[in-house]
Each structure stands twice: as C-alpha cells, then as structure tokens.
Undergrad: 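Before I ask anything, here is the structure I am working with.
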Amino acid sequence: MSTFFAKNCLFLTGPTASGKTALAVALARKIGAEILSLDSMAVYRGMDIGTAKPTTTERAAVPHHLVDVVEPNEDFSVAEYLELARRTAEEVLSRGKTPLFVGGTPLYMKALLRGIFDGPPADPALRAQLLAEAEHAMTRGDIDFLHRRLAESDPATAARLHPNDTKRLVRALEVFLLTGRPISAFQTQFSEPHEETATVWTLDWPREELHRRINARVDAMFAAGLVTEVETLTAKYGTLSFTARQAVGYREVIAMLESRETDTPISLAETVEEVKAHTRQLARRQCTWFRSLPECRSVTVEEFREIHGV
RNA sequence: GGCCAGGUAGCUCAGUAGGUAGAGCAACGGACUGAAAAUCCGUGUGUCGGCGGUUCGACCCCGCCCCUGGCCA
C-alpha cells in the first residue's frame, strides 16, 4: 500500500489530553487545511464524549474527515483506516487543500508514514479456533502451544515474539495458515529504508501536568454524561463491537453497568478512578511510540503556536 | 478520661523463633504491521508512626508518647 501521499500532508499528534484539537483547528483555519482524524476510536458514530471528538463548532469551522465513519457495532482495523485515509487525503489534495492529520493513534500514524503489508484480513473463526486449541493445551499444562507451533512455520517471527504475546502469535499463525507464507515475509515496510518526508509535530507536556489534565478531563467527561452515552449506545446497538468496546472510558463504564446485575457491583467512584488510570497508561504508551519515531518533533503548545503563528 | 483494634511502598494490605521486608493496584521504562484507547515484556520506588530500653543485632520484645477507628464513661 503506497504512502506516497503522506509527504504532502501535515501531522499533529501528542498524548491524549495534550490539546491537539484546538491547535489543529487554529492552524487549519489559518492555512486553509482540512483535518483528517488520526484516531482509532473517533471513527465510531455515537461515541462522542469518551473520545473527546471535536465539537460541532470546531467541525463547522474546518472540514473534518475520518470521524463517525463506522457504526459502534462494527469492527474496524488499521488497514481499513489506511485505505480510507489515503482516499480522503487524495481528495483533499485534488481540491488544492492540505490534509492535516490530527490524533493520537501511533500505529495508524506509522502506517500512514511507512505503509503496512498487504495481507489477509482478520479471520475471526480461525482466531477463535487457534485460541481454543491454545486453551485446551493449557489444560494439559502446555503453556506455550502457540509459540511452539509458530516456531515450526516461522522461526524468525517466533524468535521475535514473547510466548505470552497471544494476539501477535495468533495473527502470525493466521497469516501463515491463510497464505502458506510466514508473516515475516510480508512485514517488511517498517524496516525498509525510507525517506523522512513528513514532520510530525508532537505536543509535549511534563508528565505530572499531563496527568492533571487527564484527571480533569475524565471528570469532565463523566459530568458531561458519559454514563448516559454508554447506556444509550448499548440500548441502541446491544453490545458494541469487539474493537469499539475496548475504548478507554467505554469499557470501564460497560463493566460498571454489567456489574449491577451481579453481587459485586462496581461503584461510580471506582469506575472514574479506573478510567483515569487507564488514560494515564494510554498516554505513557503513546509517548513511548513518539520517542521511537524519528519523524516526531517534540514541541510545547507555546512553541507550536509561535512556529505556526496561531 | 478508661478499654480494645490498628499505624509497614503513592493506595489497600501481608509478613518475620529477633538477622534492615513483599503482594495486588498505581507509577516508571520498553515492545508493537489487519483487535492498537488493544496486547505483551521489564523495574520495588520503604526512617516498617516517634523517642528511648533490652539485644551482637529490633519492623518484630519492653516502656513512654503521637495519630486513626470502635466501645465504655
């Protein structure tokens, strides 16, 4: 999948609650750019409060893309995102506007910058079968069944993955079983030499301050009706899709609501604290990505404003 | 004021015939190619409430004091 278009795009990222959205709108207005959301959870319709989507005012001020593109009971993936993003960016460019990617999903960003391999999509039935086999092996005390099995067909990938890394082991086996070729033969995009064609402006905060912002924002989300939003979504869709229900804020509230049917109900206060902790952990993992990507250029909000005159 | 229980990591708590202590959660670092706000790996960060005493050695035993909760006045 070509990522040629990325060199004509702008990128603004940073950990959750770092203030990306407001800056992006200001910059887009100034230079006449259109915003493409770079966010794995803002794609779901109706999941508004917990994903901190841009407000209607912000969306009216600047065209926003890649927000509300799938139903929350549908699955989504990085490959689908990349395809949508490529198409949308090319449309924006063809109108003579600049695509401005804004968001905090580093894997999606890396896929935009380097591409991902063109392989078979997820096969839920096959995954379920592999997991069932692994679970059965576990009952015999065989704790690294998947890892040994992968080592037979793809020793290179097996050597790279930890025996407990079930998700990646399953994916690697899935690709081998569906194509007859090891996933290591496909996954070359990230290690190939590449031109650093894009600058990724990366908002940086002292960790302690970022934690204060995260805690305050989570409180604000609950005050704005996050619990009601989840109740409305589950009433409308039943259960959310596997990918949508993983979103921080949603999975904890879902667990709280489900626990009311049990004899160990989870309190609202506990739920709020869990959401805060999980959001802080998300921010830390995002920062790990930014440190590892050479395209990322760390700036404070003030520096970004000064550099771009916004 | 008296009696009882307790005071150990940021939080909740465990623990030691007396040999300077460990779990969960949090925190911190790393990995990451079709689940990625997911998942996985790694790291203990501590005047063991305070001051004295006994002891080669005290978080543990003794005394006094401080704090918290409960019961009785």
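Sequence lines set the chain letters: A, B, ... in the order given, protein chains first and strands last, and positions in each chain run from 1.
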Undergrad: Nearest to the side chain of A:D165, heavy atoms from C-beta on, is which of B:rA36, B:rC40, B:rG34?
TA: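 From the listed options, B:rC40 comes nearest.
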Undergrad: Using purine N1 to pyrimidine N3 plus N6-O4 or O6-N4 for Watson-Crick, or N1-O2 and O6-N3 for G-U wobble, both under 3.5 Å, which nucleotide pairs with B:rG6?
TA: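 Result: B:rC67.
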Undergrad: If you only use heavy atoms from C-beta on, which nucleotide in B:rU33, B:rC32, B:rA35 is closest to the side chain of A:T288?
TA: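 Closest nucleotide to the A:T288 side chain: B:rC32.
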Undergrad: With a 4.0 Å cut-off on heavy atoms, is A:R284 in touch with a base, just the backbone sugar-phosphate, or nothing at all?
TA: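 Result for A:R284 = base.
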Undergrad: Side chain of A:R245, base of B:rA38: donor and acceptor closer than 3.5 Å?
TA: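 Not at all, since no donor on one side and acceptor on the other fall under 3.5 Å apart.
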Undergrad: In the strands shown, is B:rC28 matched to any nucleotide by a Watson-Crick or G-U wobble pair with both distances under 3.5 Å, and which?
TA: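 Check on B:rC28: paired to B:rG42, both distances under 3.5 Å.
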Undergrad: What's the closest nucleotide to the A:K167 side chain, out of B:rU39, B:rU33, B:rA27?
TA: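 Closest nucleotide among those given: B:rU39.
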Undergrad: Mind checking A:Y108 for me? I need base, sugar-phosphate or nothing, with any heavy atom below 4.0 Å counting as a touch.
TA: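 Touches sugar-phosphate only.
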Undergrad: Can you work out whether A:Q187 or A:L282 has the more 5'-proximal nearest nucleotide on RNA chain B?
TA: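 The residue whose closest nucleotide sits nearer the 5' end is A:Q187.
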Undergrad: Which nucleotide, B:rG29, B:rA31, B:rA38, lies nearest any side-chain atom of A:R291?
TA: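 Within the option list, the nearest is B:rG29.
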Undergrad: Taking the C1' atom of each, how far is B:rG1 from B:rG19, in whole Å?
TA: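 Going atom to atom, C1' in each nucleotide, I get 42 Å.
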Undergrad: Please report the distance separating the C1' of B:rA26 from the corresponding atom of B:rU20, rounded so that it comes out in whole Å.
TA: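 B:rA26 and B:rU20 have their C1' atoms separated by 25 Å.
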Undergrad: Looking across every strand, which nucleic acid part, if any, lies under 4.0 Å from A:R127 by heavy atom: base, sugar-phosphate, or nothing?
TA: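 Base contact.
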Undergrad: Go through the N and O atoms of the side chain of A:R285 and the base of B:rG30, and report whether any donor-acceptor pair is under 3.5 Å.
TA: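 Between B:rG30 and A:R285, which were checked side chain against base, a qualifying N/O pair under 3.5 Å is absent.
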Undergrad: Quiz question: by atom type and distance under 3.5 Å, do the side chains of A:T279 and A:R217 form a donor-acceptor pair?
TA: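 Side chains of A:T279 and A:R217: no pair found under 3.5 Å.
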Undergrad: Do the side-chain N and O atoms of A:S77 and A:E80 include a donor-acceptor pair separated by under 3.5 angstrom?
TA: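 The answer is yes; a qualifying pair exists.
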